[in-house]
Amino acid sequence: MSATAVTVPRREVLEKLTPVLTKRWLSPDAWRIDVYERLDGYAALRKALAAHPDALIQLIKDSGLRGRGGAGFPTGLKWGFIPQNDGKPHYLVVNADEGEPGTCKDLPLMMHDPHSLVEGVIIAAYAIRADRAYIYIRGEAVHAARRLRNAVKEAYAAGYLGRNILGSGFDLDLVVHSGAGAYICGEETALLDSLEGFRGQPRLRPPFPATHGLYASPTVVNNVGTISSVPYIVLGGAAWWKTMGTEKSSGPMIYSLSGRIANPGQYECSLGITLRELIELAGGMQPGHSLRFWTPGGSSTPLLTAEHLDVPLDFEGVAAAGSILGTTATQIFSDQDCPVYATYRWLEFYYHESCGKCTPCREGNYWMVRVYRRILSGQGTYEDLDTLLDTCDNILGRAFCGLGDGATSPVTSSLKYFKQDYLDYIEGRTAPKLSDKALVGAH
Amino acid sequence: MADVVKAGSNGVETVTLTIDGVEVTAPKGALLIRVAEQLGIEIPRFCDHPLLAPAGACRQCLVEVEGQRKPVASCTQTVADGMVVKTQLTSPVAKKAQAGIMELLLINHPLDCPMCDKGGECPLQNQAMSTGRTDTRFHDHKREYPKPVAISTQVLLDRERCVLCQRCTRFSDEIAGDRFIDLMDRSAAEQIGVYRDDAFSGDHPRSAIDEPGYEQETAEPGDEPFNSYFSGNTVQICPVGALTGTQYRFRARPFDLVSSPSVCEHCSAGCAQRTDHRRGKVMRRLAGDDPAVNEEWNCDKGRWGFRYATASDRITNPMVRREDGELHEASWSEALEMAAEGLRNARDGAYGVGVLTGGRLTVEDAYAYAKFARVALRTNDIDFRARPLSNEEADFLGSTVVGGTDVTYADVDAASAAVVVGLEPEEECPILFLRLRKAYRKGGFAVTAVAPFLSRGFTKLDAALVEAVPGGEADLLRDDPRVAETLRAPGALLIVGERLATVPGGLSAAAELAARTGAKLAWVPRRAGDRGAVDAGCLPNLLPGGRPVIEATARAELAGIWDLEAGIIPSRPGRSTDQMVADAAVGRLGALVVAGVDPADLADPRLAEQALDNVGFLVSLEVRRSAVSRRADVVFPVAPVVEKAGSFVDWEGRLRTFDRVLTTTAMTDARVLDAIAAQLGVALGTGDVNAVRRELGGLPATRADRIEPPRVSGIGAARPGDGEAVLATWHHLIDLSRLLEGDEYLAGTARVPVVRLGKVLAERLGVAEGDPVTVGTERGALTLPAAITELPDGVVWVPTNSPGATVRRTLGVTAGAVVKVSAGAPAGPILASGGSR
C-alpha cells in the first residue's frame, strides 16, 4: 500500500471502530470519579455485587473474553482455576507493566479512564474471592501511576473499596505498586517475585499462579485491558460482547498504531480488523512512505509485510499468517526504514532486558547483538546469517520464559522476508550504519 | 524393563515411562534427570544439584518429551505415567538443543583451562567435550571483568568463568540460610556478588549495562562479605572455576592429587571428607558424600582448618628434660625409659598418676589411654573433658549416653520438634545445624531454643525462644510447660549440648524430662573425640564399654578380658579433670600424662598451668609444641589425624572409621602408650590400630548395672547486683582454637567478637551499638564493642575463646557466673589481651 497524502477514512471503515474501553477517553476529566460515575461508572459493580461470584465467572467464560496481554488465554477459564474454599487468601494482580516495544494501550487507558480498571478489579476480585488486589504498574509510568493512585483514593472515599463495599459484605484492598524498570517483570511470575520484593525473574512452573502465585497463594494475574473489559461485559452481557470480534476472538481490542502513518494512536475496533483498514483509520501512510514491514503485536511478534495487509488481526488470523497477535501494537515501517537496523534496535532492547536467568536468552542476545553490529558496520559475513538463524533456533523454545522466544521473532522474520537487505550490507551495497571503530579486534 | 524403584518398596507410588526406548518404573514425583541417571543415561547439566531445589536456569539438560512442543529441562520435569522421553542419545532435537546451550555457555567463557583450578575436574570442561563443538563460531569480544573478586577472605570469584547456574546462591539461601551472595545486575552483565554499599544507596558509580556496572575488585567499607560458615561448599559445587578457595588457588592440578577418604577431626558431627594430597602434603579437603551423615556438605572449619598439622612447631622427636632444666631431643629408648621411671615412681607414690586426654583422640587412642590408666597406672584418674564440667555430667554420660545411638541424623529429618539446650548448633555442631535447617525447610518441624537469646543460627531455624538466664536452664527444663508440651509430640527430640554440664541440675533435669515426655535425648559434645572417649572409658567413673567403675561385675569382666589379677582396677571412681588440676596445683598429684589438651580450654587456665608446673612428673603426648609440652618432663611426638588410621564416634554414636592418609613415621598415641607400658612391664597390646579395633570390637556387652541417672537439683540462675550481670558464653566456630592456627584466610571469616547485652542494660550503661563495653571479674576484664541484642536484663554474652575475648583465661569464670559490666574501656593498662599463648 502506498499513499502520497493523508486520507480521510471511508464511512464503512469508520464504522469498524467499536469504542468500548476507549469510550470515555475523549470526555473531559473522565479520570475523575464524578465524571466516571456520570458516564455509567460503577454501575457494573452494583450489578456484580448482587450476583453470585460463580455466576460472574460463568459470565466471563460465556463472553469468550481472552487475555489482552498477548497470550490470549481465556479469562473465565483462568478465574475458574482458582481453588475455592481452600482456606488460603486469594489475590488478584493486574499486570500494568506495559513495556513491549510499540505497545501503548494500557498506559493511555490508565491515564484517561483509571476508574474503569479499578471497577474491573473490584468485580474480578469479588468473582475469585480475593480480598486484596495489586496493580503492578511500570515504574517509568509515573503519570499514569499518579492518576491510578488518585482513582484508588477516590474509590476508597466513595466506599467502592475497603470494608463492606456498598453494603455487600465484600472487603477489598487495592494497592498500586510501581515496578523498578524491568521488561521481564511483565512476565507474570517475574512480576509476582518482584511484587514480593525479590529480584524479578520468572519462576518455575508448575506450580502455576492459580494455585501458588503471590505469597504461594492462589492468584489471578490479568492484563489491564482484560480487567477493564469486565465492567462492560457485566453491564452489556456476554451476548453483546460477542457481537464484536470473531467467533474465537470476541470483543473489541485497542490497536496501538505507531510508525509511518499519518495519525498514530489507539484505535479500538472489533478483533479481526485488518491492517489495511487500520491504516485507513489512521489517515493513511505518511506522505512519501509506502508500507514495507510491520509488527502485528509488538516487537516479540514476527514481522509481517505488505502482503499481509488483509490478514484478520485476531488470535487465529495472525497465527495463520505465521505471527502472533500479541499486544496488538502495530508498528508500521516504510520503504525508508531498514529492516536490518530495526531488528538490531529491537535486539538491543532484548539484550538489555534479558533477566539473565537462563543461558539461551542471556548469551544468545549478547551474541546476536554483536553480530548485528558487525553486519551494520559493513563487517558481516555470509556465515553470520547462518549463525543468526542457528542461534535463534537455539534460543526459541529453549529459554526459560517467553522473553528469549520473543527476541528471535524479528531476527528470523526479517531474515525470512528481507534477506537481501542483509546481503546488501555484507556485500557493500548499503553503506554501513554503524561505525566499525568499536569492532577493532573482531574477526 | 528397569526398575529404578524396587517393586512394592514401602508403598511408594510409582509411574512407568520410557526413556530412550527403555521402559522404567520410577517413584512418582521423581525428576526426569535423576531417573535417567539411574538408568545410566547421563544428561549434561550445570544448575541441577540433587540437594538443591530445581532451578531450570542453565537449560543444558534439555530433552525431548513426546507431546511437548518444546524441549523440556529434565532437571525440572517430574516423571509421569506413559511419558515417552528421548534424550540426546536418541533425539536429534535434544542433541541439537544441548549442543546449542553448550555453545552459548562457552561464548563468554575464557579459554583459561590450563591455569584454572577446576581444569581436570570441571563439569564444563567435561561436558564441553561430550556436548560441545570442536570450533567456535563466536568471533566477537568476550565479556571481560577484573578478577578475581574476594567475596570473602577465603572465597574468590572469577566472574568471567561463571556460567550463572546459581548453585552457589541457591546453596547459600536454601541450605545454609546465609544469603550473603546473590545475583546482581541483569542480562549478559548478570553476575554473582555480595551486597555492597551502593545497593543500599551508597555512591559507588554504576555504569550502563554494556560495561558491566558491578565493578568490584576489592572489598570496600559497607560491603557485606560472604562470611558464611558453609561458604566452602559453594566452591565445591561450582561447576566451573568461578569460585575458588584462596587457600588452594593455583596450588595444584586435580590430576596430580591423590584423593583419600577421611573423617573430619574438628567437631562431633562426623563428616565424611576427601583429603587430596600430593607428594606427602595435604593440598585441600572436600566434603565427602555420606547421605546418612553430612550429605554432601561440610563446614569451612572442616574444609580449610588443616594446616595446624604442618605448622613449624610440629614435634618430630621425643624430648626429655635434662639436668639443665631444658627440654632436649632424645632417643625413643631414653625417653621411654625416663617416662616409665617417672610414672612408676608416681604410681607407687602417695598421690598416683592422672591422665588428661582431651577430646581430640580417635576412639582407638582413647581406648589405649583408658586401658593404660587402669592397667599400667592402676588408676581411674582419667578424664577426657578439657572444659568446664561436673560430676553430675559424668553420671549422666554413664547413665544416659554411653553405648547408645538413640538419635541419628535421620531422626532429625523425621522429627516433629526439637528442644535445644546448652548448644548453639551452628557454632558448635554445624552439620547438625544444617540437618535441623533441612527439617525446618521441609516443614512440620519446630525448634525451641532454651537459650539467653536467639542466635543467628537459631534465627535461621526460625526457633521459638524459651528465654534462659545461664544457670536457670535446669529450672526451665523441669518446670516450663512450653518445653514439656513440645517434647510430648511424637518424634520430638531433646538435644543437649556439653555446656549444660556447667548448669547444676541441668543434665539431671534433661534426663528426667526425656523420660517423662518420651522424647528422644541426644547429647552433642563439641569435639570429634568426645563421644568416643565416653565409650572408650576415658572418664573417672566409667571403664571401657560403659562399665561403671564401682560395679564389681564390670571390673571383673575387664580383668578377664585384659588378663589382670583382681584388684588392679581400682574400685573407686577416680578424679575428674578439675580435681586433678586442683590437686596437682597443690602438689597432690604424683604425675600427669597429658594428651592434646590446651590448658586455655580448661575451666581455669591459670590454675591449670599452675598444676602443670607443680605436678611431680609430666608426660606430654603432642603433635605440636604446646603449653603442656613446654612444661613436660618427657614429650612424645604423636601423629595428627591425617597421619594415622582410627575412628571417631560422632554425636549420634556412629563409628566413623578412616585410614591413614599420609604415610609418615609418626606414631599413634596408642602405639606410644604401648611402648611406655612395655617399659612398665605391661603388655598393653595397643601397638597396632587393628589390634585395638579387634580388642574393642570383641568387648562383650556388659552385664553390670548402669549408673543411675544423676538427680541433682538446680540452684537457679545467679542474681546479679548493681553493675553486674550473669555471663553467657559459648565458642564461635572459628576462634582461637589451636587447630585453626595457620589458616589466616579462614580466620578472616570469623564472626566479630562482641559483647551482647540487652537494651535495658545498654541504656543503663549509656552505651550504643558498637561502643566499648568492659566485662570483668576480680581476675581481669575484657573490652569489646557492644552489640545490643534481645537478651534478658542482667545477662551479657561474650564469645568464649575469640580474639580479645578469652573468657576463661582472662575472667577465670564461665557461663552462669556473675561479672561486672561497665561502659568504656577500663582505665589503666588493659588487662585482657587477645591471644593467650
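Note that these values count all heavy atoms, side chains included, but never hydrogens, waters or copies made by symmetry. Because the structure is predicted, anything quoted here is derived from the model rather than measured. Order of the sequence lines fixes the chain letters, A, B, ..., with proteins taken first and strands second; residue numbering starts at 1 for each chain.
- Between B:P54 and B:L31, the closest side-chain pair of non-hydrogen atoms falls below 4.5 Å.
- For the options B:C47, B:C58, B:C165, heavy-atom pairs under 4.5 Å to chain A are most numerous at B:C58.
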- request: Step by step, work out the ring pair (Phe, Tyr, Trp, His ring centres under 6.0 Å) result for A:Y183 and A:F349.
  value: CA-CA 9 Å; A:Y183 175 63; A:F349 171 82; 4.8 Å; yes
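- Using modelled atom types and a 3.5 Å distance limit, the side chains of B:N108 and A:E363 yield a donor-acceptor pair.
- With no hydrogens or angles considered, no side-chain donor-acceptor pair links A:E427 and A:Y422 at under 3.5 Å.
- In this structure, chain B has no heavy atom under 4.5 Å from any part of A:N365.
- Neither the backbone nor the side chain of B:A99 comes within less than 4.5 Å of any heavy atom in chain A.
- If you measure heavy-atom distances from B:L62 to chain A, the contacts under 4.5 Å come from the side chain alone.
- Using a 4.5 Å cut-off between heavy atoms, B:L105 touches chain A through backbone and side chain atoms alike.
- If you measure heavy-atom distances from A:A182 to chain B, the contacts under 4.5 Å come from both the backbone and the side chain.
- Of the atoms belonging to B:V72, not a single heavy atom falls under 4.5 Å from chain A.
- For A:R362, the parts lying near chain B are the backbone and the side chain together; criterion is any non-hydrogen pair under 4.5 Å.
- Partner of B:D48 under the salt bridge (charged side-chain N to carboxylate O under 4.0 Å, His left out) criterion, out of B:R170, B:R59, B:R167, B:R34: B:R34 alone.
- Ranking B:R137, B:Q166, B:K70, B:E103 against chain A, the residue ahead of the rest is B:R137, based on heavy-atom pairs under 4.5 Å.
- The local environment of CZ in B:R133 is crowded, with over 12 non-hydrogen atoms from other residues, nucleotides or ligands closer than 6.0 Å.
- Proximity of a side-chain donor or acceptor of A:E100 to a complementary backbone N or O of A:S300 within less than 3.5 Å is detected.
- Considering only heavy-atom pairs separated by less than 4.5 Å from chain B, the leading option among A:P206, A:C355, A:P202 is A:C355.
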